[in-house]
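Step one of this worksheet: look at the structure below.
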Amino acid sequence: MRSIKEINEKIKKGQVVVATAEEIIDLVAKKGVSAACRQVDVVTTGTFGPMCSSGAYFNIGHSKPRIKIGGGTCTLNDVPAYCGLAATDIFLGATALPDDDPRNKVFPGEFKYGGGHVIQELVSGKDVLLEATSYGTDCYPRKKLETLINIRDMNEAVLLNIRNCYQNYNVAVNLSDRMLYTYMGVLKPNLGNANYCSAGQLSPLLKDPYYKTIGIGTRIFLAGAQGYIIWQGTQHNPGVKRSTNGIPVTPAGTLAVIGDLKQMKPQWLVGTSMLGYGVSLSVGIGVPIPLLNEEICAFAAAKDEEIFARVVDYSAAYPQMSAESLGEVSYAQLKSGTITLMGQSVPTGALSSYAKAKEISLELKSWIQKGDFLLSEPHQPLPGFESGYVFKPLKERPPFVGR
Amino acid sequence: MVSKRIVLHFPHRLVDQPIVYKLVKDFDLSFNILKASVTPQEEGLMVLELSGSEQNFDKGVEYLQSCGVRIQPLSQDIVRNEAKCTDCGVCVPICPTQALTVDPASRKVHFDDTKCIACELCVKICPTRAMEVHF
């Protein structure tokens, strides 16, 4: 029907027609897939939620005299960064905690500040305290460094997230008789609540379930800047069970993404604290889906009523790696505020902000309409449903004894 | 009949004196204690839901003030920091009084401070710590 090249020509001429993933649902319902697909060139998606496998790398510049942080230690606002790289390159992960954070020693730990919060402060333009130690060499004699640093003074500050944008996720519940503190939030005993974490009908990979347009090299909205998909994310698991409409009912595909942190906005990179669990970073991502044909359009028009998620007990099944599910519920049911489980009415809560996801889909739409954002051709597809690519559990083997 | 949630601040000198029981005895008011604490500086804090006839309610409050108790409505102390809130809604099923709800159309979180009982359950479970309690 149309190519990405043709869509880009229309973007440059200001003639492109863009609909958000919400708007295309109504359009298809009113006009049918064929007419909607003829009318709309691009569908914009969005998602905003805690994504733990996020982080950023920095080149801080060389001090005088020089210090080799590689192989030494380094903290940003007391949060340790990874130093196993060259002299002045460091990597800060979203879940890193200050050494003196009490963690879960007084349960449940509050986890007020960590890597995700440092990233948000840097993006906000705030100074952070960099402290580093090293062993000293002939070429890098300095052993200690203590300085304020600002993102604008760094050579590179790059967001590099190795797993974002999960294609669907579990609905977490608690069948036990005690409160649980999880990465899915606080779960009240005896099915007290059900927490979910997906933007459902706005979520990028749920709207292109077979990765027909989203691939390696796809340009995206990443936390307010233009970023890229650079690989499948870790734990990518495309071969899982799918509904008859092709949409997975369990966590499936994931994305690894990259972008210039200096251009990002703090409202899309928010330090996040999960009581009794740890810190994380909530990330805003939007992916454009070019409507290359009617099949892609039909997938992009999937609505909350047609997207299902699996309910998992986080008191036993999840921690024990059991595949047991308590059933499937649709995102429409989840968003209604209550679901029915085992004959019981259970109130729902979301970790993923639908309001922010919608804002992202609208922002990306306006970028494309204004000609500020061109679509990119993916260089390589993500491993697909029939690729045989699977997410394996760890196979533990006893270490050699007496060697 | 009126029923209001109020915060009572007791200065140091009043902490060891019986005061609140007079609301029942002399003013025919009923109360439900939602929160009570004495700080290390020996200042007392009590959050009450106070109910009774309007006339008695006003007299009771007047009595408390005459004793030196500082009174403010509860809603002033519970704040949803809109700059921090991401409208995720994870607080909604945790709130015992439905003071926190999601607007079905906008999917934004709404905080009704008149329903809040200051239990503070939402404060620590909010991933961005957007619910703030200032007593």
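Chain letters run A, B, ... following the sequence lines, proteins first and then strands; every chain starts at 1.
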Subject >> Beyond-backbone contact of B/Val47 with B/Ile117, side-chain heavy atoms, under 4.5 angstrom >> reply: no

**OP:** Not counting sequence neighbours, list each pair that qualifies as a salt bridge (Lys or Arg N to Asp or Glu O under 4.0 Å) and has a residue in residues 8-17 of chain B.
**Re:** none

**OP:** State, with a plain yes or no, whether a side-chain heavy atom of B/Val69 is found less than 4.5 Å away from one of B/Met46.
**Re:** no

Which donor-acceptor pairs fall under 3.5 Å between chain B and chain A:
from, atom 1, to, atom 2, distance (Å)
B/Thr86, O, A/Ser353, OG, 2.6
B/Asp87, O, A/Ser353, OG, 3.3
B/Val90, N, A/Ala350, O, 3.0
B/Pro93, O, A/Lys188, NZ, 2.9
B/Arg107, NH1, A/Lys335, O, 3.0
B/Arg107, NH2, A/Lys335, O, 3.3
B/Pro127, O, A/Ser273, N, 2.7
B/Arg129, NH1, A/Glu110, O, 3.3
B/Arg129, NH2, A/Glu110, O, 2.9

Original post:
Measuring heavy-atom distances to chain A, does B/Cys126 have an atom under 4.5 Å in its side chain, in its backbone, in both, or in neither?
Top reply: backbone

Subject >> A/Val186 portion near chain B, given a 4.5 angstrom heavy-atom threshold >> reply: both

Original post:
Less than 4.5 Å apart, any side-chain heavy atom of A/Met179 and any of A/Pro189?
Top reply: yes

Original post:
When rounded to the nearest 0.5 angstrom, what distance separates CG in A/Leu269 from CG in A/Leu159?
Top reply: 5.5 Å

Original post:
Taking A/Pro108, A/Ala355, A/Ala350, A/Ala194 one by one, which has the highest count of heavy-atom pairs under 4.5 Å against chain B?
Top reply: A/Ala350

Subject >> Side-chain heavy-atom pair A/Pro266, A/Val123 within 4.5 angstrom cut-off >> reply: yes

Subject >> Least distance between heavy atoms, A/Gly116 atom then A/Leu281 atom >> reply: O-CD1, 3.4 Å

